[in-house]
Amino acid sequence: MNIALIILAAGKGTRMESDLPKVLHKIAGAPMLAHVMKAGNSLEPEKVVVVAGHGADLVTKAAQDYDPEATIVLQEEQLGTGHAAMQARDALAGFEGDAIVMFGDTPFISQDTLERMAEARAKHDVVVLGFNAADPAKYGRLVTEGDTLLRIVEFKDASDEERAITLCNSGVLCASAPMLFDLLDQVNNDNASGEYYLPDIVGIARDKGMSATAVTCDEAETLGINSRAELAVAEKIFQTKARADLIEDGVYMQAPDTVYLSFDTVIGRDAEIEPNVVFGPGVTIESNAQIRAFSHLEGCHVSRGSVVGPYARLRPGAELAEDVRIGNFVEVKNAQIDEGAKVNHLSYIGDAHVGAGSNIGAGTITCNYDGFFKHKTEIGAGAFIGSNTMLVAPVKIGVGALTGSGSVITKSVPDGAMALARAPQDNKEGRATKMFDILKAKKAKSQKDKS
Ligand code: UD1
Ligand code: CA
């Protein structure tokens with residue numbers, strides 16, 4: 001069956017107390033909306049329609065960053081979830097398959113759950129995803145009779161008897177697309193909120209003799225995010241699951257609760273992640289690499305057998321080949337570090353290429369920025385950069401070359417050459433002793449004058 005996704009993301013999210021549209025608040029570094037789109041994508045939909053309204057420009061950008069093929073439709077006024085879903089009608093004109101409606105503020109629906117809904121659709125006209133809520137609060141309630149879903153009633157419109165129902169509406173719903181739009185046509189706003197409710201299509205379908213049923217899933221999947229407190233809960237749920245998944249795949253973490261992952265963090269088997277490591281977006285760690293405590297990584301790639309940290313920072317474009325060493329208080333940005341190279345202490349390597357087996361001494365800095373432009377530093381294989389060398393880019397250090405400690409290198413160094421670029425040393429015999437004697441006498445006199 002061909003599937004189209006309709007993702008509702010037009011609401012303001014008043015309770016977030018934020019200028020940012022609700023669906024753009026981030027979980028594990030990616031907007032909530034991207035999590036929803038990723039979940040929906042697992043069904044390999046033929047079409048993806050995102051309904052934007054509040055902050056439509058930003059929502060459009062986020063949706064198309066995730067899926068450039070997504071169609072964005074505008075809901076000018078937010079008149080309710082039913083009205084929002086209706087906005088997808090033109091975008092899906094002629095589409096005969098099933099539509100699955102998802103909410104942009106409900107990011108954790110699993111692939112398995114969506115597949116079970118698609119299966120149930122084979123037997124029923126309308127399938128709704130429900131969950132048994134520990135605290136049903138203000139969720140819509142599913143009124144059922146055996147396997148049959150009779151209707152959905154919003155909390156505001158529910159009787160006391162209906163409010164006692166704990167089976168709640170997640171918002172996710174599946175029906176044939178042409179039929180969904182026909183049903184939506186008949187939804188009115190004659191209710192406590194004066195809104196067009198999407199869940200009303202269930203009662204309308206039943207009145208027309210169609211069948212409806214509810215598929216249920218774990219409550220953790222249906223968490224709807226309406227406030228920053230709920231966003232924090234969602235982050236915790238994501239982190240717990242992402243850590244558990246990596247551990248199951250063979251990653252070693254001594255203190256998983258202290259490791260923060262992004263939505264797209266990839267870590268290979270037998271890699272070791274020490275406590276208090278933060279992964280920003282876009283990180284790949286290969287098997288057998290070790291990320292030591294208190295390191296911060298984003299947009300980088302660490303190959304097999306490399307060791308990073310403790311206290312290292314890898315920024316976007318840091319590309320580490322196999323068996324590289326990046327030690328404490330080292331920052332690497334937009335730099336390729338070839339096999340076996342070592343940058344062990346207190347260095348900044350930015351916009352650079354470090355050749356295989358090179359040794360970068362403590363305190364080395366690539367001076368890559370002149371206030372206007374960034375420039376590149378190239379270091380040949382097997383080079384030895386003395387401690388506290390300033391490499392003023394653009395500059396090239398040859399294969400097997402050496403720079404003396406404390407050098408400020410402004411000119412390229414040929415292969416195999418040694419570059420010394422520091423003031424020559426000048427020893428003044430006996431001068432220290434003489435100076436200390438003078439200062440000692442001066443101090444003794446000032447103390448005598450005081451007393
Ligand atoms: C909705 C359901 C409720 C369900 C709950 C689950 C309705 C009427 N109620 O309530 O049964 O238990 O979700 O979390 O559907 N949106 C638009 N345009 C609008 C209104 C909403 O795009 O005009 C979008 C919002 O951006 C949001 C989603 O639809 O992503 C849900 O809207 P929200 O106002 O949060 O619905 P709830 O009151 O939570
Ligand atoms: Ca909601």
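Indexing begins at 1, ligand by ligand and atom by atom, following the structure's order.
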Which bit of [X] gets closer than 4.0 Å to ligand 1, counting heavy atoms only: side chain, backbone, both or neither?
X: Pro199; answer: side chain
X: Glu154; answer: side chain
X: Gln75; answer: side chain
X: Ala10; answer: both
X: Ile152; answer: neither

Tell me whether [atom] lies less than 4.0 Å from at least one protein heavy-atom position.
atom: atom 33 (P) of ligand 1; value: no
atom: atom 30 (O) of ligand 1; value: yes
atom: atom 36 (O) of ligand 1; value: no

Atom of Asp105 closest to the Ca ion (ligand 2), considering N, O or S atoms
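Going through the N, O and S atoms of Asp105 one by one, OD2 ends up nearest to the Ca ion (ligand 2).
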Can you tell me if, anywhere in Asn226, an N/O/S atom lies at a distance from the Ca ion (ligand 2) that is smaller than 3.0 Å?
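Yes - counting backbone and side chain alike, Asn226 has an N, O or S atom under 3.0 Å.
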Regarding atom 12 (O) of ligand 1: of the candidates Leu33, Leu223, Asn169, which has the closest heavy atom?
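Going through Leu33, Leu223, Asn169 one by one, Asn169 has the nearest heavy atom to atom 12 (O) of ligand 1.
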Out of Leu173, Thr81, Val50, who gets a non-hydrogen atom closest to atom 15 (O) of ligand 1?
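It is Thr81 whose heavy atom sits nearest to atom 15 (O) of ligand 1.
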May I ask whether [X] has any heavy atom positioned less than 4.0 angstrom from an atom of ligand 1?
X: Glu195; result: no
X: Ser170; result: yes
X: Leu79; result: yes

Contacting atoms of ligand 1, where contact means under 4.0 angstrom from a heavy atom of Asn226
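Answer, ordered by atom number: 35 (O).
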Would you check if there is a donor-acceptor pair between the side chains of Ser306 and Ser303 at a distance under 3.5 Å?
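Absent: no donor and acceptor within the cut-off.
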In terms of side-chain geometry, is the basic nitrogen of Asp351 or Lys374 positioned less than 4.0 Å from the acidic oxygen of its partner?
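Not counted as a salt bridge, because no side-chain N and carboxylate O are separated by less than 4.0 Å.
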Would Lys22 and Glu230 pass as an ion pair if we require N to O under 4.0 Å?
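No, Lys22 and Glu230 are not salt-bridged.
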Any nitrogen or oxygen of [X] lying under 3.5 Å from a nitrogen or oxygen in ligand 1? Just yes or no.
X: Asp105; result: yes
X: Gly11; result: yes
X: Leu198; result: no
X: Gly140; result: yes
X: Leu8; result: yes

Under 6.0 Å from the six-membered ring centre of Tyr260 and within 45° of its axis: does the NZ or CZ of Arg243 meet both?
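That pair qualifies as a cation-pi contact.
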